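Okay, so here's the structure we're looking at.
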Amino acid sequence: MTIIQPDFFAQSTLSVARALLGQRLVREIDGQRLSGLIVETEAYVGPHDTASHASRGRTPRTGVMFGPPGRTYVYLVYGMHFMLNIVTEAEDFPAAVLIRAVEPVEGLDAMRVNRRGHPANIQNLTNGPAKLCQALVIDKTLNNWDISLGQKLWVEFVNSVAEAEIGAGPRRGIDYAQPQDQAMPWRFWIKGNRFVSK
DNA sequence: ACGGAGATCTTCT
DNA sequence: GAAGATCTCCGTT
């Protein structure tokens, strides 16, 4: 078992977004492991990507995206949902990969409780960026967290997913972005996986 | 199955 | 003051 280190994230964001597919996101809380295989990601790339928060410049919130690779960028949207990103590339170049969905592996019972017992079926547990944050108890206290420490939150390398198994398409929920940015096929998923978001 | 609306609050103008 | 990298519930087919 290998904990993925910052150098893994210090490369092109599109490569990282693909390479993260199939790897295991681990959350340790109260001595218990909650984990899932990453099955869907999105890339937010550079200062000119109008879908990215960083396109409006460096602010207290977006400063993390301009920082070193291998840190988390966790923020709140719609006043109630947290989103988990991992910062990529290099310092002063704002980029990150949004984790959009995982396939639950460990701690399913705890995830159900964390999700307020709502999902009747396992498929609804972590098949969306806000859902997985709720299931894995990821909130703002984990913002700017060094993901290489093997504490609280990290990613374990499992296996590379073959190119032929990876789907790509436009990112979701970015109507505010410029048309050309909306059209970029920067959402990636494992083809046929039933935990990919709707 | 599908569509629309409301929830809810931080962030930046 | 407005909008948001979403989700759930409730209505109608």
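Keep in mind that the numbers below use all heavy atoms, side chains included, and drop hydrogens, waters and symmetry copies. Nothing here was measured: the structure is a model prediction, and the numbers come from that model. A, B, ... follow the sequence lines: proteins, then strands. Residue 1 opens every chain.
- Put simply, A:Arg187 has no side-chain N or O that comes within less than 4.0 Å of OP1 or OP2 on C:dA5.
- Straight-line distance from the NZ atom of A:Lys198 to the C1' atom of B:dG3: 17 Å, rounded to whole Å.
- The main-chain N or O of A:Lys152 is found under 3.5 Å from a side-chain atom of A:Arg27 such that the two form a donor-acceptor pair.
- Within the nucleic acid shown, A:Leu76 comes within 4.0 Å of sugar-phosphate atoms alone, with no base atom in reach, counting heavy atoms only.
- Distance from the side chain of A:Lys140 is smallest to B:dT11 among B:dC12, C:dA5, B:dT11.
- Set against C:dC7, B:dC12, B:dA7, the side chain of A:Pro129 has C:dC7 as its closest nucleotide.
- Comparing C:dC7, C:dA5, B:dT10 by their closest approach to the side chain of A:Arg115 singles out C:dC7.
- Stacking between A:Tyr44 and C:dA5 is shown: the ring centroid lies under 5.5 Å from the centre of the six-membered base ring, and the planes differ by under 30°.
- Of the candidates C:dA5, B:dC12, B:dT8, B:dT8 carries the atom nearest the A:Met80 side chain, counting heavy atoms from C-beta on.
- Going from atom CZ of A:Phe82 over to atom C1' of B:dC9 covers 10 Å, rounded to whole Å.
- A donor N or O paired with an acceptor N or O is not found under 3.5 Å between the base of B:dA7 and the side-chain atoms of A:Tyr78.
- Contacts of A:Ala130 with the nucleic acid, taken as non-hydrogen atoms under 4.0 Å apart, involve only primed sugar atoms and P, OP1 or OP2.
- The CZ-P distance, from A:Arg172 to C:dA5, rounds to 13 Å in whole Å.
- Rounding to whole angstrom units, CG of residue A:Asp175 and P of C:dA2 are separated by 19 Å.
- Taking a cutoff of 4.0 Å between a charged side-chain nitrogen and a carboxylate oxygen, A:Arg172 and A:Glu40 do not qualify as a salt bridge.
- Nearest to the side-chain atoms of A:Ile174 among the listed nucleotides C:dC7, C:dA5, B:dT8 stands C:dA5.
- Residues A:Thr62 and A:Thr59 bring a donor and an acceptor atom of their side chains to less than 3.5 Å of each other.
- Side-chain contact between A:Asn114 and A:Leu136 is absent, with no heavy atoms from C-beta onward closer than 4.5 Å.
- Residue-level contact check: A:Met83 touches the backbone only, with heavy atoms under 4.0 Å from sugar-phosphate atoms and none from bases.
- When distances run from any side-chain atom of A:Val77 to the nucleotides C:dT6, B:dT8, C:dC7, the shortest one goes to C:dT6.
- The distance from atom OH of A:Tyr75 to atom P of B:dT8 is 20 Å, rounded to the nearest whole Å.
- A:Arg33 and A:Glu106 are joined by a salt bridge, as a carboxylate oxygen and a charged side-chain nitrogen come within less than 4.0 angstrom of each other.
- Across the strands present, B:dT8 finds no partner; the criterion is a Watson-Crick or G-U wobble pair with both atom distances under 3.5 angstrom.
- Nucleic acid contact for A:Arg171: none, since no nucleic acid atom lies under 4.0 Å from a heavy atom of the residue.
- As a whole-Å value, the separation of A:His81 NE2 from B:dT8 P is 10 Å.
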Take A:Leu14 and A:Trp186, measure what side-chain contact (heavy atoms from CB on, under 4.5 Å) needs, and give me the verdict at the end.
-> CA-CA 7 Å; A:Leu14 299 185; A:Trp186 290 353; 3.5 Å; yes

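- Protein atom CG of A:Asn85 is 17 Å distant from nucleotide atom P of C:dG4, rounded to whole Å.
- Distance CD (A:Glu40) to P (C:dT6): 10 Å, rounded to an integer number of Å.
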